[in-house]
Colleague: 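Here's a structure for you.
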Amino acid sequence: MATKRKWNDKFRLAMGELENNIQRERSGCGQYCGSLSAAERSQTKKEYKRELFLKNVAIQTAKSAAFLLASVALIQGIVRFLPDSITVSSSVNGRELPIYCVETDKKQVALSFDAAWGNEDTPRILETLKKHNVKVTFFMTGGWVLG
């Protein structure tokens, strides 16, 4: 039994030395590096992993902040400049005309008229719509709302 223990002890010693040599080669120190105990190596690995994790968190935070700032800038640009560039009319020979046709599968008609400068035709339009049982929605402004 004593012979077996000695052989096991020698084997463990040789394996530990081999592990230390491999560790030194991986870290780039060569044969002149001071050897580290297993506890020191694991502590160093833990510190390295923690440092790497913190760097990754910092990078991801910076990327997220940059994305957030870019998004805010884009939204502000849209809110400021897009409403001015959207029109709901068309232009023919420099003359602004309303949109008169929109493709739809529904059986609908949109009728618009300006009754602000005289409403002689309004009663006749309303009578025709009533005669054909056409349901309508009106958009009114100003004095028409109050009257």
Colleague: With salt bridge (charged side-chain N to carboxylate O under 4.0 Å, His left out) as the rule and sequence neighbours excluded, what pairs involving residues 48-75 come up?
Modeller: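 Applying salt bridge (charged side-chain N to carboxylate O under 4.0 Å, His left out) to every pair that reaches into residues 48-75, excluding sequence neighbours, yields Glu51-Lys55.
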Colleague: For the hydrophobic clusters of this structure (ILVMFWY residues joined by side-chain heavy atoms under 4.5 Å, transitively), does one cluster hold both Val136 and Ile125?
Modeller: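 Hydrophobic grouping puts Val136 with Ile125.
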Colleague: Hey, could you give me the CG/OG1 distance between Leu68 and Thr61, rounded to the nearest 0.5 Å?
Modeller: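 The distance works out to 12.0 Å.
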Colleague: Measuring from Lys135:NZ to Asn133:CG, what's the distance to the nearest 0.5 Å?
Modeller: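 It is 5.0 Å, given to the nearest 0.5 Å.
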Colleague: What distance do Arg124 atom CZ and Leu126 atom CG have between them, rounded to the nearest 0.5 Å?
Modeller: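 Here the interatomic distance stands at 11.5 Å.
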